[in-house]
Amino acid sequence: MKTCLIVDDSRVIRKVSRHILETLGFIVDEAENGQMGLDRCDEQMPDVVLLDWNMPVMTGIEFITQLRARSDGGKPKVVFCTTENDVAHIREAIQAGADEYVMKPFDHETLQIKLQLVGFE
C-alpha cells in the first residue's frame with residue numbers, strides 16, 4: 001500500500017489533504033511541523049511527502065534539505081503545497097529536491113494530477 005506523510009502546520013489543510021489522499025488509496029500520516037515530519041520519516045520513510053513551505057520550527061526548504069541528506073531520503077517523492085507561486089520559490093523548491101509543486105488551495109483533481117506526474121496512479 002502506498003504511504004503519504006502530510007507535513008503542514010494547518011490542521012484544516014492536513015484534514016482536507018488526508019481525505020483526498022485516502023480516496024486515492026494512500027495510507028496517510030501527518031506532522032504539524034518539519035521536525036515532527038523528519039521524526040516520522042526516521043520511523044518509516046513514506047512514498048510521498050506533501051510539504052508546506054511556511055511552518056514554525058522548520059521551513060519546508062529546511063525539511064527537504066535534511067530529508068534528502070538522509071541515507072534513504074531520496075526515496076520519497078516530495079510535492080510542495082504552498083501559497084508561494086513566484087518562479088523564484090518554485091525554482092528554490094525544485095533545486096532543494098522537490099519533485100512537484102502544487103498551489104493552495106488545491107482540489108482532488110489537482111492533487112491527483114500532481115501525484116500522477118510523480119509516478120502514483
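We count residues from 1, following the sequence as given.
- Between the Lys2 side chain and the Leu24 main chain, a donor and an acceptor come within less than 3.5 Å of each other.
- In terms of heavy-atom proximity, Leu67 sits nearest to Pro76 at CD2-CG, 4.1 Å.
- If you check the side chains of His89 and Thr82, you find no donor sitting under 3.5 Å from an acceptor.
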Inset, instruction - List the steps and the verdict of side-chain contact (heavy atoms from CB on, under 4.5 Å) for Glu30 and Leu5. - result: CA-CA 5 Å; Glu30 300 177 17; Leu5 174 64; 5.6 Å; no
Inset, instruction - Might you work through the side-chain contact (heavy atoms from CB on, under 4.5 Å) test for Asp99 and Val48, ending with a clear yes or no? - result: CA-CA 10 Å; Asp99 297 287; Val48 181; over 6 Å; no
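- Asn33 places no side-chain N or O within donor-acceptor distance of the main-chain N or O of Pro56, the cut-off being under 3.5 Å.
- Ile27 shares a hydrophobic cluster with Met1; the chain of contacts runs through ILVMFWY side chains whose heavy atoms sit under 4.5 Å apart.
- When the side chains of ILVMFWY residues are joined at heavy-atom separations under 4.5 Å, either directly or via intervening members, Ile94 and Leu117 end up in two distinct hydrophobic clusters.
- With contacts defined as side-chain heavy-atom distances shorter than 4.5 Å, the pair Lys104/Ile13 qualifies.
- Under the 4.5 Å side-chain heavy-atom criterion for grouping Ile, Leu, Val, Met, Phe, Trp and Tyr, Val78 is not connected to Leu111 through any hydrophobic cluster.
- Residue pairs meeting the ring pair (Phe, Tyr, Trp, His ring centres under 6.0 Å) criterion with at least one partner in residues 14-50, sequence neighbours excluded, are Phe26-Phe120.
- Ion pairing of Asp8 with Arg14 is absent here, as no side-chain N (NZ or NE/NH1/NH2) approaches a carboxylate O to less than 4.0 Å.
- Atom CG of Asp42 sits about 10.0 Å away from atom CD of Gln66, to the nearest 0.5 Å.
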Inset, instruction - Go through the steps for Val7 and Val49 under the test side-chain contact (heavy atoms from CB on, under 4.5 Å), then give the verdict. - result: CA-CA 7 Å; Val7 184; Val49 176; 4.0 Å; yes
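- Salt bridge absent: Asp52 and Arg11 never bring a charged side-chain N and a carboxylate O closer than 4.0 Å.
- For Lys15, the NZ atom sits in a loose shell: 12 or fewer heavy atoms of surrounding residues, nucleotides or ligands are nearer than 6.0 Å.
- Interatomic distance, Cys41 SG to Asp72 CG, rounded to the nearest 0.5 Å: 8.5 Å.
- Linking Ile, Leu, Val, Met, Phe, Trp and Tyr residues whenever their side-chain heavy atoms come within less than 4.5 Å places Ile90 and Met55 in a single cluster.
- Taking 4.0 Å as the cut-off between side-chain N and carboxylate O, Lys77 and Glu100 do not count as a salt-bridged pair.
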Legend entry - Stepwise side-chain contact (heavy atoms from CB on, under 4.5 Å) test for Gln44 and Arg40: CA-CA 6 Å; Gln44 181 176 351; Arg40 296 281 196 307; over 6 Å; no
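- Note that CE of Met58 is 4.5 Å distant from CD of Gln35, once rounded to the nearest 0.5 Å.
- A continuous path of ILVMFWY side-chain contacts below 4.5 Å connects Leu50 to Val12, so both sit in one hydrophobic cluster.
- For the atom pair Ile6 CD1 and Leu21 CG, the distance stands at 5.0 Å (nearest 0.5 Å).
- Asn54 approaches Asp9 most closely through the heavy-atom pair O-OD1, 3.4 Å.
- Of all non-hydrogen atoms in Phe63 and Leu38, the two that sit nearest each other are CE1-N, 3.5 Å.
- Distance OG1/Thr65 to CZ/Arg70: 11.5 Å, rounded to 0.5 Å.
- Residues Thr110 and Val102 are in side-chain contact: their nearest non-hydrogen atoms beyond the backbone lie under 4.5 Å apart.
- Ile20 and Val118 end up in the same hydrophobic cluster when Ile, Leu, Val, Met, Phe, Trp and Tyr side chains are linked at under 4.5 Å.
- The shortest non-hydrogen separation linking Thr59 to Glu62 is N-OE1, 2.8 Å.
- In terms of heavy atoms, Ala96 sits closest to Ile64 at CB-CG2, 3.6 Å.
- Contact detail for Phe106 and Ser17: the closest heavy-atom pair is CZ-OG, 3.4 Å.
- Under the 30°/60° scheme for interplanar angles, the aromatic rings of Trp53 and Tyr101 are found to stand perpendicular.
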